[in-house]
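Just so you know, residue 1 is the first one in the sequence shown, and it goes up from there.
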Amino acid sequence: MRFAVYLPPQAAGGPVPVLYWLSGLTCTEENFVVKAGAQRVAAELGLALVVPDTSPRGLDLPGEAESYDFGLGAGFYVDATEKPWAAHYRMYSYVVGELPALVGAEFPIDVERAAICGHSMGGHGALTVALKNPQYYRSVSALAPICSPLHCPWGEKALAGYLGADRKRWRIYDAVALLDDFGWDGPPLLVDQGTADQFLDVQLKPQLLHAACERAGMPLTLRMQEGYDHSYFFVASFIADHLRFHASHLGLAQD
């Protein structure tokens, strides 16, 4: 596994809080670092950024590279249970356990003061990881997340392939289902979504998340951004808002 780390200048004086960024389909650890423009605000805030890749690499599993939405670059932040994926495609456990242990041991990062955010497939990952582990994350946000993999083609393909045909087993990796099954007693949620996103109606479905948050009593700020699409221009336009949102929950001073 590869991952990227940005350390702000404040890390020279001791451990700093961390934001984990989970990327979307086809991305590596480089997309966010190169395209989002997050480092300037992270430096101002004193916030470390940790950006994992979106799947294992170099396994050469049968069918792994046949499509953009399953296999390489498309781990969907689940722990696979179906062969041949189960031995290696364990992105959920990697993000929740292995990665924080590694960066906490090797970098001046305070993993007890953590937030999580992501885009598209990574937005789905950030939501489900935080909903399942509120003790680990002080805040969660997402940009154009896949809100309910149970109800979209991307999610149905990925979850069936990684977890098998029993849809009941998929619910632990669906933000809407998690809110309905377990409720929420954690911090508020910030979501940005572009109105010109080509995947809005078929794949992303923020209205399902909005309804689930209302049922669960989860405070949600859902901002529909007029004219924005699904690209990293959208991410770059609003990433500063998300960094400041997380800084407010991590106890970082802001001007």
Side-chain angles (χ1 to χ4, degrees), residues 1-9 11 16-57 65 67-77 91 94-95 99 103 107 109 114-127 129-130 139-147 154 158 190-200 203-204 206 222-247 250 252:
M1 292 298 302
R2 292 172 58 91
F3 62 92
V5 175
Y6 171 74
L7 293 175
V16 294
V18 58
L19 173 70
Y20 298 98
W21 171 269
L22 305 186
S23 296
L25 290 167
T26 75
C27 290
T28 70
E29 75 285 353
E30 293 185 352
N31 294 71
F32 178 77
V33 173
V34 173
K35 296 180 178 181
Q39 292 91 328
R40 176 182 60 81
V41 178
E44 173 191 325
L45 296 170
L47 182 62
L49 305 173
V50 173
V51 186
D53 199 351
T54 51
S55 75
R57 306 281 174 170
S67 60
Y68 78 95
D69 54 358
F70 185 80
L72 284 178
F76 258 81
Y77 305 100
M91 290 298 295
Y94 176 70
V95 168
L99 183 61
V103 298
F107 299 94
I109 289 175
I116 192 164
C117 182
H119 173 236
S120 194
M121 178 186 72
H124 140 76
L127 292 173
V129 164
S139 53
V140 55
S141 72
L143 294 101
I146 301 171
C147 292
W154 280 340
L190 171 64
V191 173
D192 276 306
Q193 172 64 61
T195 62
D197 192 317
Q198 63 270 42
F199 304 115
L200 176 59
Q203 304 284 10
L204 306 179
L222 174 59
R223 308 192 306 184
M224 301 300 295
Q225 302 292 358
E226 190 67 31
Y228 282 88
D229 62 11
H230 200 70
S231 71
Y232 258 86
F233 294 111
F234 163 67
V235 173
S237 296
F238 299 103
I239 190 61
D241 290 353
H242 285 252
L243 295 180
R244 295 189 187 283
F245 168 80
H246 292 295
L250 292 167
L252 293 173

**Request:** Look up atom CG in Leu200 and atom CD in Gln193, then write down how far apart they are to the nearest 0.5 Å.
**Result:**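 That separation rounds to 5.0 Å.
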
**CG on Leu45 to CG on Leu250, rounded to 0.5 Å** =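 Between atom CG of Leu250 and atom CG of Leu45 there are 9.5 Å.
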
Not counting sequence neighbours, which residues clear side-chain hydrogen bond (donor to acceptor under 3.5 Å, both in side chains) with [X]? List them please.
X: Ser55; value: none
X: Ser139; value: His246
X: Ser120; value: His230
X: Asp69; value: Ser67, Lys157

Sequence neighbours excluded, which residues qualify as ring pair (Phe, Tyr, Trp, His ring centres under 6.0 Å) partners of [X]?
X: His124; answer: Phe76
X: Phe245; answer: His249
X: Tyr20; answer: none
X: Tyr228; answer: Phe238

Taking all non-hydrogen atoms of both residues into account, name the closest pair between [X] and [Y] and its distance.
X: Thr54; Y: Gly24; value: CG2-O, 3.5 Å
X: Thr195; Y: Gly227; value: OG1-N, 2.8 Å
X: Ser141; Y: Ala126; value: O-CB, 4.0 Å
X: Leu22; Y: Gly125; value: CD1-C, 3.6 Å
X: Ala42; Y: Pro8; value: O-CB, 3.7 Å
X: Leu72; Y: Arg57; value: CD2-CD, 4.1 Å

**Request:** Please test His119 against Tyr232 for ring-ring contact (aromatic ring centres under 6.0 Å, His included), starting from the C-alpha separation and ending with a verdict.
**Result:** CA-CA 9 Å; His119 173 236; Tyr232 258 86; 5.6 Å; yes

**Message:** Show every salt bridge (Lys or Arg N to Asp or Glu O under 4.0 Å) that has at least one partner inside residues 190-199, sequence neighbours left out.
**Reply:**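 Passing the test, one end in residues 190-199: Asp192-Arg223.
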
**Request:** Could you list all the salt bridge (Lys or Arg N to Asp or Glu O under 4.0 Å) pairs where at least one residue sits in residues 17-31, not counting sequence neighbours?
**Result:**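 Checked against salt bridge (Lys or Arg N to Asp or Glu O under 4.0 Å) - neighbours excluded - the pairs reaching residues 17-31 are Arg2-Glu29.
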
**Request:** Can you sort out the partners of Phe107 under side chain to side chain contact (heavy atoms under 4.5 Å, CB included), two or more places apart, ordered by chain and number?
**Result:**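 Side chain to side chain contact (heavy atoms under 4.5 Å, CB included) list for Phe107, sorted by chain: Phe3, Val5, Leu7, Val103, Ile109.
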
**Prompt:** Quick one: side chain to side chain contact (heavy atoms under 4.5 Å, CB included) partners of Val33, sequence neighbours excluded?
**Reply:**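 Residues passing side chain to side chain contact (heavy atoms under 4.5 Å, CB included) with Val33: Ala4, Gln39, Val51.
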
**Prompt:** Mind checking whether Tyr68 and Trp154 have parallel, tilted or perpendicular rings, split at 30° and 60°?
**Reply:**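 Ring orientation, 0 to 90° scale: perpendicular.
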
**Asked** Heavy-atom distance under 4.5 Å between the side chains of Met121 and Gln203, does that happen here?
**Response**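 Met121 vs Gln203: side chains apart.
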
**Asked** Taking the side chain as C-beta and beyond, is there a heavy-atom pair between Pro145 and Val191 under 4.5 Å?
**Response**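 Yes; the side chains approach each other to less than 4.5 Å.
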
**Fill in**
Per side-chain contact (heavy atoms from CB on, under 4.5 Å), Trp21 is matched among Val235, Leu243, Ile116, Val50 by Val235

